Structure formats: structure tokens, C-alpha cells
Amino acid sequence: MIESIAHPAVEPEGQPTTRPPHDVHRLAREVVAHVVDAAAPCRTLPGGAVGTDVTEVVRACLQWAIHRLDGHAVPDRIDCLQAAAARWAREGIPVEAVLHAVHVGFKFGLDLLFTDRGSTHPVDIATGAATVVELSSLLSATVGKAYVREYKAIAAEHHTAVHTLTSALLGGHATSAMARECGIPLADEYFVLALAVPAHPDESHPRLDRQVVARRKLRRLQAALAVLFDDRALSLLSVDGGTVLIPCTPPPASGLDEVVETLSDAAQVPVTATVVSAAPDDVSAAAGQAHELLDTVQQLGRGPGLYRFPELALHYQLTRPGVGRDRLRTHLAPLLDHPELLETLRTHLDTGMHRLRTARRLHVHPNTVDYRLRRIAQLTGLDPADGRGLWYLRSALVASAAGDIPSAIPAGTRRPA
């Protein structure tokens, strides 16, 4: 077939003539029939696409090749292929199926071109091969551009739909009808994650654009979410964090730790997250609670990773504004003029009240630790070695993480007897 194209009809004077239209139509039907039979992915193409789009594209390609072989100027595009490829992309036909069909068609033509030794005309291999390569390049580039263009449009539409539904859920006014309009089903329950994403080290590099580095970090984070959940996760993220809604179907709650680790690897920074689960109607309140819990984690100076409400419920409550929090914080007021005592108290609690480990961390003698603990008891009236005193001092430290330690007892309160 391609051999026939490579040898256009020749007039007595020796000038090539364009092949008659009925030959082009016949050859197009042969190519389509072979491609459909030989290329398994092509069998997924809708019947209408094979009968119209593919045939039209093959015919246009044959005419392009004939003109090229005749020495005529040829266009650098094939309009019907651009339109057809865009339709195939919108219909969800995989691009690999289309490109595979293109390559099968070219292989079929090359076999005819170079294996038919009974031709009455010698094969101009250089011209034929050059034509095939040029046409193959044109088809691959056209299909690739059409698919990229359509996928970008589809991605933009999906991004808008995700943003609309996520905003509605976080705003407390999402409905099933809205979800259907967005083309995204509502889950029965969501894991509501609040994320804190620190700056990437390159954001402070003097020779790099800070905003560009931050945006790349955000894109890596979003791409990791898409890979993990196949677009089932809803998110509103910025370069320093945000909110992610994950349907409570797999992964299980225990798998969320690995999710946060994967996001940290993708962003190339240690991500800190908190999680609360909620039904769609309660997502708004749950998001507020998750971010308040995240604030508590950061105030307490906890490291990166995933934190759940039960493990920090007491800390969360102690850092809530109110008379109780302010009253607890006053227990540390006598230590404001003795920062070494505050540091010793925090370190002693962090080490599980192990005096030797506390001494090593502070680079002091264990006897110095004992002396400082006695001074804390004298100044505050709360002995770290006593269960009641230890509870109040630990709670006061948690409460003080939410702000400055008051230097006086709030009005209307008094120390317990």
C-alpha cells in the first residue's frame, strides 16, 4: 500500500500525477481494517470512531504522503487529526492506544514498502523512508499536543470542581446536589487533616526564587495526594499547609501515619498533621478543631508527624482560653526571674523525671538538678517530687505554651489552699 503511494502514477512525459481519489479511499479502508485487526488497544475505540474519525484521518495522512512524494509543498499540520485526537481525549480513549494504532499502521506500510520485490517500479527507499518519518513525527506530535491540551482543560475543570466542593464542605453548606454537579460523590465520613508545611531549605537560598521553590513544593505535595488517593482526596492547600479531606474508606486510620510520611517525602520537608474524623455535615467544625489541635502541637514544640485528638485531648483543653488556663499559668510566675529553673523543670519532665538524664541534657551535675528542683518547690509551693505538685506543674507548662506566663494571679481567683 505505501509502496503504491511511494510510486505515484507517471505520465508518458515522466511527470508524477496525483493518485486518483478512489485509490486513496480504498487504501484508507485497507489501513483501517489492518489496524483494527492487528492492534488490540484499537478494539476499545468506539465503533463510530473507527468508521468516521479514523478513516478520515488515515485518508488525510495518505493524501499528505502522496503530495510529499510528488514533491509538492505539504502543510505542517493535519486539521482533522487535531480535532479527532481532541475528541478521543475527551472520550477517555488512552493516548497509548492511539499512538499504538499509529505505529501499527506505519509498520504495515513499511512492510509493504520494503518487502514487495515484484514491483515494476524500483523503490525509492530514501524518499519513502523520509516521508514515513516526517509523517510519523507529525502524527505523534499532533496527537500528543491534542491530548495535553484536553487533559489540561479537564484538569482545570476538575480542579475548579474540587475547590468548589471542598470550600462548601469546610464552609458547612455542601449538599448532595452540589456534589453531583461537581461530579464528585460525597463520602459517608472523612478524615479531616490539618497540615503544617515548613519552608523548604531552598526557599532561603540567595540565588533561587523563593516563590518558585515554594510553588514546586506545593505541586509535589498535590501530586503525591493524587497518586495516593486517585483524586478522591479533597484539599485546600497553600505553600505553608492547609486542609485535606480523605474519605474514610481505605486507607484505614492506622495508615494515615504512612500518608503523612509520604507527603513529607514528596514535599522534601517534615510535615506536621493532626486528624479528626467527621461526617460531611460536620466537616466544617472538625476542620476548626483539627487546626486548633495543630496549633497546640506547634505550641508544645512537638516534632513532625501525625497527631490524633485522643493523645492530646488534655493538652488541647489546657491551652483553651479561659480562667482555668490563666490560673494554671500563674503557678510558673515565680520562676520568671529564674530561667534556668524553668528550663530544668521542662527538661526534667521531658526525661521522665530521670535526674541523671536531666543532668546530662543540661550539662550539669546531678546534685545541681536536685538543688534546682528544691528551689522550684520553694518558689512555687509545688514540689515536683510530689504527685499533686507534679500534676499542677506539668499542667502549668502545657497551659503556658499558649502564651506568656502572667506575672500575677488573675482578678477573681486565688490560690487553692
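Quick caveat, the model's predicted, so the values are computed rather than measured.
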- Message: What's the separation between atom CD in Glu181 and atom OG1 in Thr175, rounded to the nearest 0.5 Å?
- Response: 7.0 Å
- Item | Ion pair Arg220/Asp265, N-O distance below 4.0 Å | no
- Item | Pairs meeting criterion ring pair (Phe, Tyr, Trp, His ring centres under 6.0 Å) with involvement of residues 281-310, two or more places apart | Phe309-Tyr316
- Show your working on side-chain contact (heavy atoms from CB on, under 4.5 Å) between Thr380 and His331 and close with a plain yes or no. CA-CA 6 Å; Thr380 64; His331 289 305; 5.7 Å; no
- Message: Checking Thr296 against Leu312 for the side-chain contact (heavy atoms from CB on, under 4.5 Å) test, could you report, in this order, the C-alpha distance in whole Å, the side-chain angles of both residues, the deciding distance, and whether it holds?
- Response: CA-CA 8 Å; Thr296 299; Leu312 290 174; 5.5 Å; no
- Between CG on residue Leu342 and CD1 on residue Ile376, distance to nearest 0.5 Å: 7.5 Å
- Task: Evaluate the criterion side-chain contact (heavy atoms from CB on, under 4.5 Å) for residue pair Leu169 and Tyr190; output intermediate values, then yes/no.
- Result: CA-CA 10 Å; Leu169 283 166; Tyr190 288 97; 4.2 Å; yes
- Item | Residue pair Arg219 / Gln222, side-chain donor-acceptor N/O under 3.5 Å | no
- Derivation of the side-chain contact (heavy atoms from CB on, under 4.5 Å) call for Leu165 and Leu186: CA-CA 9 Å; Leu165 183 59; Leu186 284 178; 4.1 Å; yes
- Message: Is it the case that the side chains of Thr351 and Arg357 hold a donor-acceptor pair, with the cut-off being a distance below 3.5 Å and no angle test?
- Response: no
- Could you tell me the separation between the CZ atom of Arg216 and the CG atom of Asp202, rounded to the nearest 0.5 Å? 9.5 Å
- Item | Salt-bridge contact Arg87-Glu150 (side-chain N to carboxylate O under 4.0 Å) | no
